[in-house]
Amino acid sequence: MSDNAYEAIIGLEVHTHLMTRSKLFCGCSAGFGAGPNENVCPVCMGMPGVLPVLNRHAVELAIRAGLAAHCEIAPESIFDRKSYFYPDLPKGYQISQYELPLCKGGYIELPAHSEGAEPRRIRLTRIHMEEDAGKNIHESGASLVDFNRSGVPLVEIVSEPDIRSADEAGAYLRELRSILRYIEASDGKMEEGGLRCDVNVSVRKRGAAEFGVKTEIKNLNSFRFVEKAIEHEVARQIDILEAGGRIAQETHLWDPVREVTRPMRSKEFANDYRYFPEPDLPPLRVPPDLVEAIKTAMPELPADQRARFVRELGLTAYEAAVLTQDRDLGAYFETMLAAGLKNHRTAANWVMTEVLRVVNEAARPLADAAPLAIESGELLKLVETGAISLNAAKTAFAAMCKSGKGADATVAELGLAQVSDEGAIAAACDQVIAAEAAKVAEYRGGRDKLFGFFVGQVMKAMGGKGNPKVVNEILKRKLSG
Ligand code: ADP
Ligand code: MG
Ligand code: ZN
């Protein structure tokens with residue numbers, strides 16, 4: 001039986017750091033990159049007798065995330081103690097939210113990549129707040145713990161089992177990260193552990209009403225690992241079912257080197273977290289006017305920007321989707337347009353090809369890798385006015401990436417300006433017509449196809465800098481005369 005007889009059911013649990021300066025329950029820095037145990041105090045080290053004080057900004061960012069994902073914001077939610085025992089959790093419990101989370105319901109809408117396609121909505125179960133644990137480091141035969149991350153604010157974003165493929169899981173994560181970055185709730189830096197994902201996977205026969213038994217793959221820290229782990233796990237489960245076996249409800253770890261999942265623990269030995277309300281924190285009350293204020297101050301979301309790009313600028317759904325994958329990219333495009341560009345799609349394609357290429361090649365953020373957006377805009381403006389060709393713009397752009405110089409200066413320095421002067425072009429045409437008398441006679445005798453040859457000769461005579469439009473006009477006139 002082919003794999004097509006089965007359908008994958010996937011739900012994701014995403015943990016992401018909130019961009020606060022200090023930790024969730026103490027004043028220590030939540031920043032990344034300090035030396036081991038530099039950002040610690042008795043509270044985040046779990047010393048006896050200390051009391052947690054809730055970081056208001058973290059709550060506001062979590063509400064912002066909830067509103068951006070169309071969740072209901074609970075007027076009252078509760079912090080709980082989730083007990084488990086690892087060296088990186090000094091209190092022996094994590095402060096989290098269990099029965100009454102801050103945000104409920106909601107959805108993430110995946111960008112449609114083709115015209116008229118129905119956008120897919122992945123429903124959310126909840127978004128709750130919690131603190132991060134520290135980090136165990138095993139090296140040179142020793143086990144060490146760094147508590148800098150202990151107490152850093154997180155939200156956990158739990159999806160309903162609405163995702164149906166590895167690709168769709170990737171699209172969901174990209175959109176979620178894009179939203180979190182647009183609203184400045186999280187920078188979504190996976191390489192710093194700022195966004196991590198647990199993946200729940202089951203399969204069922206297509207058309208079956210019930211879900212199959214799921215496995216959970218823990219702590220994936222790259223989109224590619226998520227996609228690969230899902231593909232591997234779906235295939236593994238189908239193989240077991242096809243061989244007449246049963247899926248065990250297990251927690252797995254992804255081995256990125258061998259590209260397989262391996263069991264970590266079965267649910268029989270599942271942690272018993274013994275949740276109970278955190279006695280040191282009062283219920284979290286969110287007054288309606290705070291929610292309103294956060295709603296009012298909400299920046300434009302990627303989905304809204306996408307819709308605007310299609311509606312107002314005439315971009316395709318695909319172009320709009322690519323440009324809003326990253327907040328900086330969308331902003332770059334809009335700043336380019338501010339140079340007064342009329343051809344929005346040329347600008348969009350410029351960003352999607354030229355700009356994204358240098359960003360990918362440099363493997364550095366947009367702001368470091370590409371020229372200022374306003375300079376890119378000026379450069380394309382020169383193309384629109386006919387001062388330079390699109391090819392010359394690409395040459396100039398490559399130089400600008402290295403030199404950091406502006407568009408006008410670069411075009412002048414490299415001598416890329418097109419010649420639009422009619423006198424100079426007419427002279428070049430005359431010269432070619434005189435030199436190619438035989439071909440001119442053939443052309444005048446009806447071999448229209450030769451026109452391209454004459455254009456080529458004129459361009460060659462002008463060192464490639466003739467304005468093609470003007471060359472065409474003058475040549476046509478002279479050849480027909
Ligand atoms: P658990 O009690 O094992 O933690 P939850 O019901 O809390 O399970 O769900 C955790 C995640 O697993 C959610 O993202 C949910 O959408 C997803 N999920 C639940 N059931 C399934 C299933 N049968 N197949 C795939 N994912 C599932
Ligand atoms: Mg769960
Ligand atoms: Zn602290």
Side-chain angles (χ1 to χ4, degrees), residues 6-15 20-31 34 37-47 50-55 58 69 82 84 90-91 95-99 101 104-108 122-128 131-134 146-153 156-166 168-169 172-173 176 196-205 208-218 220 226 229-230 233-234 237-238 241 246-252 264-273 275:
Y6 289 88
E7 176 179 50
I9 307 290
I10 299 152
L12 301 184
E13 296 163 280
V14 173
H15 290 86
T20 54
R21 268 187 298 139
S22 52
K23 293 186 180 180
L24 189 52
F25 300 117
C26 63
C28 292
S29 166
N37 295 308
E38 278 181 8
N39 301 337
V40 298
C41 74
V43 174
C44 54
M45 293 285 285
M47 302 290 180
V50 299
L51 288 173
V53 178
L54 182 59
N55 179 334
K82 177 180 183 178
Y84 58 97
K91 298 194 292 290
I95 303 181
S96 181
Q97 295 193 298
Y98 185 55
E99 251 155 46
K104 280 188 295 188
Y107 61 88
I108 301 292
I122 308 300
R123 289 169 302 153
L124 300 186
T125 314
R126 58 192 278 153
I127 300 179
H128 66 253
E131 59 178 338
D132 208 347
D146 179 358
F147 291 106
N148 285 346
R149 219 175 60 184
S150 168
V152 168
E156 178 173 341
I157 303 160
V158 183
S159 88
E160 289 287 294
D162 283 352
I163 297 167
R164 291 291 174 270
S165 69
E168 201 166 79
Y172 168 84
L173 287 173
L176 184 58
R196 316 191 291 269
C197 183
D198 300 342
V199 176
N200 299 271
V201 182
S202 65
V203 299
R204 67 176 172 190
K205 284 265 172 67
E210 309 260 301
F211 288 152
V213 174
K214 74 174 161 75
T215 58
E216 181 177 16
I217 311 158
K218 280 273 183 208
L220 293 155
V226 169
I230 291 173
E233 185 57 19
V234 168
Q237 291 188 11
I238 291 174
L241 295 176
R246 304 176 68 167
I247 308 299
Q249 190 172 332
E250 288 168 337
T251 299
H252 287 233
M264 180 168 93
R265 57 171 183 250
S266 80
K267 275 279 167 175
E268 272 175 77
F269 304 102
N271 284 318
D272 173 7
Y273 292 125
Y275 281 102

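Order of listing sets the numbers, starting from 1, for every ligand and every atom in it.
At a 4.0 Å heavy-atom cut-off, ligand 1 touches Glu160 through the backbone alone. Only the side chain of Val158 comes within 4.0 Å of ligand 1, counting heavy atoms alone; its backbone N, CA, C and O stay farther away. Under 4.0 angstrom from ligand 1, there are no non-hydrogen atoms of Asp162.
One finds the NZ atom of Lys91 at 8.5 Å from the SG atom of Cys44 (value rounded to the nearest 0.5 Å).
Judged purely by distance below 3.5 Å, without hydrogens or angles, the side chains of Glu38 and Asn148 never pair a donor atom with an acceptor atom.
The shortest N or O to N or O distance between Asn200 and ligand 1 is below 3.5 Å. Ligand 1 has an N or O atom lying under 3.5 Å from an N or O atom of Pro161, backbone or side chain. Residue Lys214 places at least one N or O, backbone or side chain, under 3.5 Å from an N or O of ligand 1.
With sequence neighbours left out, the salt bridge (charged side-chain N to carboxylate O under 4.0 Å, His left out) criterion links Arg123 to Asp162.
A salt bridge is absent between Glu210 and Arg204: the closest approach of a Lys/Arg side-chain nitrogen to an acidic carboxylate oxygen does not fall below 4.0 angstrom. Comment: Glu216 does not engage Lys214 in a salt bridge, judged by the lack of any side-chain N to carboxylate O separation of less than 4.0 angstrom.
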Criterion side-chain contact (heavy atoms from CB on, under 4.5 Å) on Phe25 and Val53, from CA distance to verdict: CA-CA 5 Å; Phe25 300 117; Val53 178; 6.0 Å; no
Intermediate values then yes/no, side-chain contact (heavy atoms from CB on, under 4.5 Å), His15 and Asp132: CA-CA 9 Å; His15 290 86; Asp132 208 347; over 6 Å; no
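Atom numbering of ligand 1 starts at 1 in the shown order; those under 4.0 Å from a heavy atom of Phe211 are 23 (N).
Listing protein N, O or S atoms at distances below 2.8 Å from the Zn ion (ligand 3), with waters left out, gives Cys26 SG, Cys28 SG, Cys41 SG, Cys44 SG.
Remark: among candidates Ser202, Gly212, Ser159, the nearest residue to atom 16 (O) of ligand 1 is Ser159, based on non-hydrogen atoms.
Using modelled atom types, one side-chain atom of Asn55 and one backbone atom of Ser22 make a donor-acceptor pair closer than 3.5 Å. Remark: the backbone N or O of Val201 is paired with a side-chain donor or acceptor of Gln237 at under 3.5 angstrom.
In this pair, Tyr273 and Tyr84 present their aromatic rings perpendicular. The plane angle is above 60°, beyond the 30 to 60° band.
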